Amino acid sequence: MKVTRATFDDVMVPNYNPAKMIPVKGEGSRVWDQEGKEYIDFAGGIAVNCLGHCHPAMVNALTEQGNKLWHLSNVFTNEPAIRLAKKLTDATFADRVYFANSGAEANEAALKLARRWALDKHGAEKNQIIAFTKGFHGRTFFTVTVGGQPAYSDGFGPKPGAIEHVDYNDLAALEAQMSEKTCAVMMEPLQGEGGVISPDAEFVKGVRELCDKYNALLIFDEVQTGFGRTGSLYAYQQLGVTPDILASAKSLGGGFPIGAMLTTAAIAEHLKPGTHGSTYGGNPLACAVAEAVFDVVHTDEVLAGVKAREELFKSKLNEINERYGIFQDIRGKGLLLGAELTEEYAGKARDFLNAGADEGVMVLVAGPNVVRFTPSLIIPEADVLEGLARFEKAIAKIVG
Ligand SMILES: Cc1ncc(COP(=O)(O)O)c(C=O)c1O
């Protein structure tokens with residue numbers, strides 16, 4: 001059956017408006033569409049394809065597990081899930097792991113756990129969740145309400161309550177909101193969707209101190225920053241601050257859907273049997289792939305390579321900017337990078353995404369003013385240079 005982009009509009013719910021071409025094949029950081037046109041992939045499936053497309057380690061893990069056992073549900077456990085949990089706990093602050101299927105589900109579990117922990121330990125009054133303006137935590141009704149863009153949670157009826165927002169990097173505003181009623185503070189250790197915004201080092205430390213002062217849990221949403229994206233397995237490991245609960249997804253599966261919530265044994269024990277769950281969470285195929293991704297990403301070579309690529313991207317983007325003067329800021333960490341457009345091009349980030357695709361390079365936006373780059377963590381230098389050359393052609397067309 002021949003399907004086209006026009007078929008999409010005939011058969012799909014219109015909540016997405018994908019690009020005009022349909023990619024059909026990928027290898028490393030290159031992708032080809034139905035017409036055979038080639039693209040350099042700087043989007044990485046929105047910070048997911050951390051090893052590019054069809055990495056042999058992932059293909060092998062999936063094929064091997066696919067020939068053994070696909071699914072059991074959580075009525076029975078499975079070896080890949082236990083092995084992956086062991087590797088995650090060995091590599092982080094966490095002692096316990098809960099597996100989900102997406103970032104939103106990992107965050108949903110984190111929020112439910114925080115509320116249950118607070119209820120058990122401190123009583124029903126301690127239920128306030130504080131999060132940050134422009135934050136993004138997923139699209140379930142709880143997570144989207146904790147997210148800091150009301151436009152995403154408006155229009156679906158009564159919202160989950162006791163959720164407050166303050167500006168990111170504004171410690172005084174957070175302090176003014178916090179009290180013994182605060183159950184948890186949820187934050188991204190670098191805001192992705194909100195515009196690629198880094199936290200001030202002092203801010204993150206201050207958030208941790210306030211959580212300690214008021215007996216509140218600190219939840220790090222590392223769905224986008226995690227699994228090597230900023231140059232360490234998790235971003236918290238470079239910030240000198242340890243969260244109580246951490247949500248991981250996206251790069252964790254390298255393209256296979258999986259999410260995970262990591263926490264300490266003392267906190268985990270509040271999710272007793274029957275309190276939470278998922279049919280697919282910890283699925284053997286997903287966990288086998290994630291284990292293979294872990295084995296590649298959690299190496300000095302790959303993590304140091306992320307920093308080298310960050311420098312290459314930033315220096316080349318700065319060179320482009322010297323020629324065209326279209327960016328007022330080039331920022332981000334590791335391979336979660338953003339280029340904020342000048343006033344003249346404000347609101348036009350999507351035009352750059354579209355022009356890039358025409359020239360054979362896939363980029364992302366983070367809000368209306370920021371072009372975002374979240375490529376494979378092992379993208380070859382030649383692909384970075386070729387992709388940025390294509391992106392420069394797209395810029396030249398827009399600037400005229
Ligand atoms: C920081 C963060 N949290 C949560 C999510 C939601 O993840 P998912 O789309 O897998 O539910 C995203 C997705 O962009 C994200 O960037």
Side-chain angles (χ1 to χ4, degrees), residues 13 15-16 18 42-50 98-114 129 131-149 151-153 163 165 168 184-199 204 207 218-230 233-236 239 243 245-262 278 280-283 286 289-290 293 332-338 349 353 362-367 370 372-375:
V13 170
N15 61 315
Y16 303 118
F42 286 167
I46 320 188
V48 166
N49 301 318
C50 59
Y98 165 83
F99 286 119
N101 311 289
S102 66
E105 283 181 47
N107 281 328
E108 182 86 16
L111 292 164
K112 284 179 71 178
L113 171 58
I129 289 164
F132 296 93
T133 319
K134 292 190 181 166
F136 186 79
H137 303 298
R139 297 283 195 157
T140 65
F141 206 23
F142 200 174
T143 58
V144 82
T145 308
V146 173
Q149 298 195 54
Y152 292 160
S153 52
I163 298 167
H165 295 95
Y168 201 63
V185 175
M186 179 177 252
M187 65 181 285
E188 294 160 83
L190 188 167
Q191 288 190 324
E193 302 298 307
V196 189
I197 299 161
S198 292
V204 194
V207 177
L218 176 56
I219 306 172
F220 268 15
D221 175 352
E222 293 233 29
V223 168
Q224 191 153 163
T225 54
F227 242 59
R229 181 65 43 196
T230 71
L233 186 65
Y234 288 103
Y236 85 84
L239 290 172
I245 306 178
L246 181 152
S248 186
K250 288 191 183 276
S251 291
L252 172 60
F256 203 99
I258 180 169
M261 176 191 73
L262 281 59
S278 152
Y280 284 121
N283 168 279
V289 174
V293 176
K333 193 164 186 186
L335 288 171
L336 174 44
L337 299 171
L353 183 157
M362 298 154 98
V363 301
L364 296 169
V365 301
V370 177
R372 180 171 34 150
F373 306 88
T374 56

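Atoms within each ligand, like the ligands themselves, are counted from 1 in listed order. Keep in mind that what you see is a predicted model, and the values were worked out from it rather than measured.
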Task: Minimum heavy-atom distance Gly192-Ala366, with the two atoms named - done: O-CB, 3.5 Å
Open item on the list: Heavy-atom contacts with ligand 1 below 4.0 Å: which residues, ordered by chain and residue number?
Closed with: Ser102, Gly103, Ala104, Asn107, Phe136, His137, Gly138, Glu188, Glu193, Asp221, Val223, Gln224, Lys250
TODO: Give the C-alpha distance, both sets of side-chain angles, the deciding distance and a yes or no for side chain to side chain contact (heavy atoms under 4.5 Å, CB included) between Glu193 and Gln224.
DONE: CA-CA 9 Å; Glu193 302 298 307; Gln224 191 153 163; 3.1 Å; yes
Task: Selection residues 247-257 - residue pairs positive for side-chain hydrogen bond (donor to acceptor under 3.5 Å, both in side chains), sequence neighbours left out - done: Tyr234-Ser248
Open item on the list: Please list all pairs meeting side-chain hydrogen bond (donor to acceptor under 3.5 Å, both in side chains) that have one or both residues in residues 102-111, counting only residues at least two apart or in different chains.
Closed with: Asn101-Glu105, Asn107-Asp221, Glu108-Thr140
Task: ring-ring contact (aromatic ring centres under 6.0 Å, His included) against Phe132, all qualifying residues, sequence neighbours excluded - done: Tyr168, Phe203
Task: From CG (Leu190) to CZ (Arg229), nearest 0.5 Å - done: 11.5 Å
